[in-house]
**Q** 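Take a look at the following structure, please.
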Number of protein chains: 2
Amino acid sequence: MTNSEKSNQMANAIRFLSAEAVEKANSGHPGLPMGAADIATVLFTKFLKFDPKAPQWPDRDRFVLSAGHGSMLLYSLLYLTGYEDMTIEEIKNFRQLGSRTAGHPEYGHASGIETTTGPLGQGLGNSVGMALSERIMNAHFGNDLVNHHTYVIAGDGCLMEGISQEAIALAGHLKLNKLVVFWDHNNISIDGPVSLADNTDQRARFEASGWHTLEVDGHDQAAIAAAIEDAHKSDKPTMIACRTTIGFGAPTKAGTNKVHGSPLGAEELAGAKKALGWTAEPFVVPADILEAWRAAGQRSLKEHASWSNRLASVDAGMRAEFERRVAGDLPAGFEAAIIAYKKKLSEEKPKVATRKASEMALEVINGIVPETIGGSADLTGSNNTKTTQTKNITPEDYGQRYVHYGIREHGMAAAMNGIALHAGLIPYSGTFLTFSDYARGAMRLSCVMGIRVIYVMTHDSIGLGEDGPTHQPVEHLAALRAIPNNYVFRPADVVETAECWEIALKSRKRPSTLALTRQNLPTVRTEHVDENKCAYGAYELAAASGKAEVTIFATGSEVEIALAARDQLEANGHPTRVVSVPCFELFEEQSDDYKAKVLGDAPVKVAVEAAIRMGWDRFIGLDGIFIGMTGFGASGPIEELYKHFGITADAIVAAAEGKLK
Amino acid sequence: MTNSEKSNQMANAIRFLSAEAVEKANSGHPGLPMGAADIATVLFTKFLKFDPKAPQWPDRDRFVLSAGHGSMLLYSLLYLTGYEDMTIEEIKNFRQLGSRTAGHPEYGHASGIETTTGPLGQGLGNSVGMALSERIMNAHFGNDLVNHHTYVIAGDGCLMEGISQEAIALAGHLKLNKLVVFWDHNNISIDGPVSLADNTDQRARFEASGWHTLEVDGHDQAAIAAAIEDAHKSDKPTMIACRTTIGFGAPTKAGTNKVHGSPLGAEELAGAKKALGWTAEPFVVPADILEAWRAAGQRSLKEHASWSNRLASVDAGMRAEFERRVAGDLPAGFEAAIIAYKKKLSEEKPKVATRKASEMALEVINGIVPETIGGSADLTGSNNTKTTQTKNITPEDYGQRYVHYGIREHGMAAAMNGIALHAGLIPYSGTFLTFSDYARGAMRLSCVMGIRVIYVMTHDSIGLGEDGPTHQPVEHLAALRAIPNNYVFRPADVVETAECWEIALKSRKRPSTLALTRQNLPTVRTEHVDENKCAYGAYELAAASGKAEVTIFATGSEVEIALAARDQLEANGHPTRVVSVPCFELFEEQSDDYKAKVLGDAPVKVAVEAAIRMGWDRFIGLDGIFIGMTGFGASGPIEELYKHFGITADAIVAAAEGKLK
């Protein structure tokens with residue numbers, strides 16, 4: 001070990017702020033911060049480009065603590081380097097309600113938290129999106145404005161999760177050489193030694209996917225620094241295996257799972273302090289050490305200033321465009337273009353699948369919004385996510401706009417989160433709706449963080465036909481609507497699809513999922529209005545001819561069926577209205593008056609959706625009629641399936657008339 | 001290529017049955033069956049131990065088509081080798097409603113379909129559980145009764161999915177050397193060449209996780225046979241990279257993504273027949289070729305007979321035990337033991353977390369039911385899944401009963417599916433409830449297949465405290481209840497936990513998820529009854545003192561709160577009943593009379609669950625009071641969180657009394 005006394009003490013500052021905070025909270029994870037303190041000290045004092053006074057500096061390096069349970073490592077770094085909102089009081093309030101210092105790092109709770117981590121492997125997945133964004137933005141705006149690294153600390157748990165393979169393989173494929181992953185290789189997981197469950201040669205595994213790898217003593221700061229310098233020279237992403245001791249310094253618990261997720265205890269903590277020569281009071285960092293840390297926090301000020309000068313001196317148009325994108329504003333003319341496009345659709349009334357309608361909308365959007373980055377988990381032709389503007393992003397040409405994410409739904413969603421978090425780009429990508437199950441861990445984090453990620457989920461019901469129950473979502477609409485903060489859209493035609501896309505793009509603090517059909521649907525919004533009706537979540541699509549006896553609520557492909565049922569019911573003398581419900585969540589955001597009006601007071605209420613009933617009681621009440629699925633689907637041609645499962649206009653009419661009698 | 005004319009034509013029989021079936025259905029995937037036909041021919045004619053007349057022969061080799069979209073490969077093999085329920089009519093009815101030949105292989109639709117595949121990577125995950133089961137059962141019953149291989153065909157897509165890494169690493173760790181994976185290495189995925197999204201050196205990757213690997217020309221049957229023989233000698237699991245041409249034989253589309261998922265078309269199909277010298281009519285296999293295939297289907301008859309003899313000659317006790325386990329029956333005395341245990345609990349009234357209650361129940365169960373195989377995704381001490389009977393399964397000792405699955409929720413769930421499918425063992429294992437999101441792809445398949453897999457999901461609400469929103473489930477109960485065929489249990493105390501475990505074990509055709517608390521809960525079922533009350537799904541736990549004005553429905557940790565609210569309401573003169581709702585799904589299975597009685601007619605209905613409202617309207621109606629969560633949780637001590645989110649007895653009382661006024 002060649003660390004200087006001062007650099008040792010700087011690392012110890014992290015160790016003991018962390019251990020004391022965990023001790024005070026009587027809850028938390030001291031093991032990682034104590035084990036990875038040397039890595040973090042080297043990174044933050046010698047390499048990381050950041051400005052605690054300007055945490056949103058667009059060209060800062062990104063630091064992701066993928067092993068989010070070690071949150072005190074990050075909070076300590078933020079405090080030590082001088083982020084103003086990370087006070088020592090916050091450190092003392094670790095894991096207390098309302099503090100910035102939540103159990104796991106929560107995006108938005110404090111400056112310098114680049115992403116929410118804790119669910120393992122997610123940060124690694126995010127980092128791929130961040131590093132890719134850097135390359136894309138670099139290609140668009142040049143080295144002067146965009147030229148930074150993405151650093152990750154990942155633990156053994158991150159690397160065991162399957163999502164890690166998806167992230168690693170994608171990063172290797174895309175040759176994201178400005179991505180550097182520190183593997184906190186402490187050989188310990190919660191149950192005990194990693195060898196209880198894993199014997200993977202991680203370096204060999206990363207190398208198999210095109211990574212550069214290195215191995216160092218994770219407590220030798222000089223070796224860590226040398227490895228980072230080596231990583232910077234590589235034309236591949238780099239994984240630095242850092243052999244560390246979990247809970248470094250703890251006299252009896254270091255190197256064991258006892259130090260992973262529980263306070264050290266007074267005696268062990270005292271022993272660690274003694275072993276490491278730390279004499280300061282709890283939550284006190286000796287002045288010279290704090291000063292050295294604060295100086296590290298000022299390291300990039302010059303670089304920031306010269307970046308600001310460069311930004312000021314680029315072409316005004318480019319500067320405005322860069323600032324617009326980074327701010328997340330949409331280009332001028334976006335709304336007008338959508339309105340014009342909707343008008344055209346209402347006139348032309350195409351009969352297309354909503355997945356095709358989505359492609360058509362994207363063709364308009366991608367022409368106006370240059371920051372969209374499309375993709376698919378190997379279902380490009382099925383998800384209809386590629387437009388004339390989006391050519392493939394490759395290591396040879398990062399300046400394009402389409403990612404072949406591979407058959408990696410989870411890694412894709414996590415990378416999309418990373419792209420959204422990076423700022424400057426708007427990610428959209430897709431798979432089949434049923435495979436949202438594979439991506440759900442990352443989709444939930446889109447919702448927790450409240451970021452603009454757009455999931456294009458096609459083949460949204462039994463309407464996909466022959467592929468059968470494994471591919472036919474029945475519970476997925478309910479399961480996605482269940483996640484707080486999630487906009488789940490199921491548009492009924494081309495016009496609604498355009499409107500849902502408009503909302504998704506404008507929703508800067510919400511992820512959106514578009515559930516889209518494989519099968520063709522008629523245009524039902526044949527009278528143009530400028531107003532975005534889908535923004536109401538639910539609205540009356542067809543009024544009753546008189547005082548309504550029946551209201552039919554429907555979404556997506558079942559709106560056509562609802563309208564056909566309405567025709568029959570009206571012909572039979574039963575005034576019937578149809579309400580299209582493209583988004584439950586937006587409906588709930590409306591005024592009580594509006595909601596009451598849309599729900600109406602027809603004695604018979606019917607909901608029709610080729611999915612399970614869960615969630616629909618809110619519209620139709622317990623005594624309402626639900627026409628949909630009660631179990632899994634089946635393999636067969638679409639027309640037969642709809643009949644087989646009784647999702648037809650005739651079934652609606654029969655049920656409604658049965659109730660009217 | 002050294003294949004004989006006959007073995008070529010045997011492979012061609014697969015190719016053209018498959019291609020014709022896809023052509024007739026005008027839907028499906030001809031590319032894989034045509035590409036992997038040689039591999040399958042070698043495996044089924046020379047190696048696979050199976051008996052089409054006794055598809056459930058316990059010691060058969062397992063064959064898993066992980067690349068399930070190539071279902072016609074499997075259906076062709078089943079027809080050709082003489083499975084009686086796979087007639088040529090079924091082949092002709094490929095992908096038609098009601099046929100056995102669904103778009104993707106559906107477990108239970110036809111004999112010889114060992115698992116439902118289609119969602120990529122799942123079959124590979126299942127195979128790990130199957131191969132592990134073989135080793136466990138072998139350790140319990142010896143070579144005479146259990147000694148078989150597990151073979152898998154996996155595609156590029158399977159290997160890109162993250163779940164594959166979890167499966168590979170687990171199999172390598174456990175040294176499952178009777179597992180042989182054929183990688184159908186055709187370099188094509190749906191979007192085009194695999195190189196669009198991946199450059200992983202798969203052999204190196206498998207080797208990094210302790211696999212033996214080989215590479216062959218996947219159309220050279222002799223080379224494939226030699227590789228299988230080599231695999232059989234390895235002390236590691238083996239991956240055979242088979243270089244194949246997707247759509248082998250198709251004159252213009254072979255080797256391209258055009259042949260992956262669409263019919264060849266008449267001209268291309270004719271060209272393929274010409275190229276491969278196939279002259280038979282559609283759906284006709286020349287007599288000599290069919291005869292050769294049928295002979296292959298008889299290859300293992302002698303082996304089956306000698307196995308039956310061995311079974312007949314083992315100790316009667318062992319035979320009975322083997323047959324009981326394979327049949328899936330529980331041991332005699334199981335129910336009585338649960339009743340006795342419940343009686344003890346009602347007397348002792350321990351105050352423990354339901355995760356601890358689950359451990360206590362398991363301690364009883366594992367003592368009586370020797371076929372349970374426990375585990376955890378690296379949260380053993382948190383999930384409380386390990387009992388005194390369950391020692392670690394290791395490559396040196398497969399005869400134990402506990403799997404450290406590693407931080408691999410998805411791979412774990414898929415392996416558990418494989419264990420349940422293998423027969424002879426009952427898998428249970430756990431993680432935190434919030435990380436059911438990571439396992440959901442495989443959990444859905446437990447439900448689709450209807451198999452006895454038991455998920456032990458602890459830390460089931462904000463009640464876990466400081467770990468914060470990423471670890472606090474709020475939508476997961478609803479999202480899991482949404483999956484058809486899924487028993488989701490949320491027991492309220494030790495007694496209910498025992499009852500839920502009893503139901504889970506008795507439910508041979510249903511998976512179960514137990515949602516369990518981290519925090520301690522009092523025993524609320526203090527009066528013993530032999531009857532399993534949880535089997536009703538919902539039942540009156542506390543009656544009102546008079547005609548009920550209020551009914552409070554609650555689950556799990558909120559039952560205690562509901563009872564406290566009842567005390568206050570009763571004291572305030574409002575007769576109040578409390579209904580415990582341990583399982584929505586079981587409640588729906590009850591008679592209408594029972595359901596009406598439990599729902600009752602109290603004017604005020606309240607539901608309390610520390611989760612979102614979705615699904616609860618069914619109990620309380622649209623005008624009911626819901627006390628629970630409306631968004632994500634927060635990091636903080638449990639007591640503060642319950643207050644902060646207003647999930648308290650006081651809140652229930654105030655809301656109920658507000659409504660009563």
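In the text below, chain A, chain B and the rest are named by the order of the sequence lines, each starting its count at 1. Here the structure is a predicted model, which means the values were calculated and not measured.
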**Q** Where on Gln202(A) is there a heavy atom nearer than 4.5 Å to chain B: the side chain, the backbone, both, or neither?
**A** neither
**Q** Name the region of Phe435(A), side chain, backbone, both or neither, that has any atom closer than 4.5 Å to a heavy atom of chain B.
**A** side chain
**Q** Check whether Ser382(A) gets within reach of chain B through its side chain, its backbone, both or neither, counting any heavy atom under 4.5 Å.
**A** neither
**Q** Is Ser27(A) close to chain B through its backbone or its side chain, or both, or neither, when contacts mean heavy atoms under 4.5 Å?
**A** side chain
**Q** Report yes or no: do Gln165(A) and Arg205(A) form a side-chain donor-acceptor pair below 3.5 Å?
**A** yes
**Q** With a 4.5 angstrom heavy-atom cut-off, which part of Thr470(A) approaches chain B: side chain, backbone, both or neither?
**A** both
**Q** With rounding to the nearest 0.5 angstrom, report the CZ to CZ distance, Arg618(B) to Arg613(A).
**A** 9.0 Å
**Q** For the candidates Asp191(A), Asn485(A), Thr630(A), Val194(A), which exhibits the highest count of non-hydrogen atom pairs separated by less than 4.5 Å from chain B?
**A** Asp191(A)
**Q** Given a strict heavy-atom distance threshold of 4.5 Å, which part of Ile612(A) is in contact with chain B: side chain, backbone, both, or neither?
**A** side chain
**Q** So which part of Glu106(B) gets closer than 4.5 Å to some heavy atom of chain A, the side chain, the backbone, both or neither?
**A** side chain
**Q** Is Asn392(A) close to chain B through its backbone or its side chain, or both, or neither, when contacts mean heavy atoms under 4.5 Å?
**A** side chain
**Q** So for Pro105(B), is it side chain, backbone, both, or neither that comes closer than 4.5 Å to the heavy atoms of chain A?
**A** neither
**Q** Please classify the contact between Cys158(B) and chain A as side chain, backbone, both or neither, with a heavy-atom cut-off of under 4.5 Å.
**A** neither
**Q** Please look at His104(B) and chain A and tell me whether the side chain, the backbone, both or neither of the residue comes under 4.5 angstrom of a heavy atom of that chain.
**A** both
**Q** Side chain, backbone, both or neither: which part of His29(A) has an atom under 4.5 Å from a heavy atom of chain B?
**A** side chain
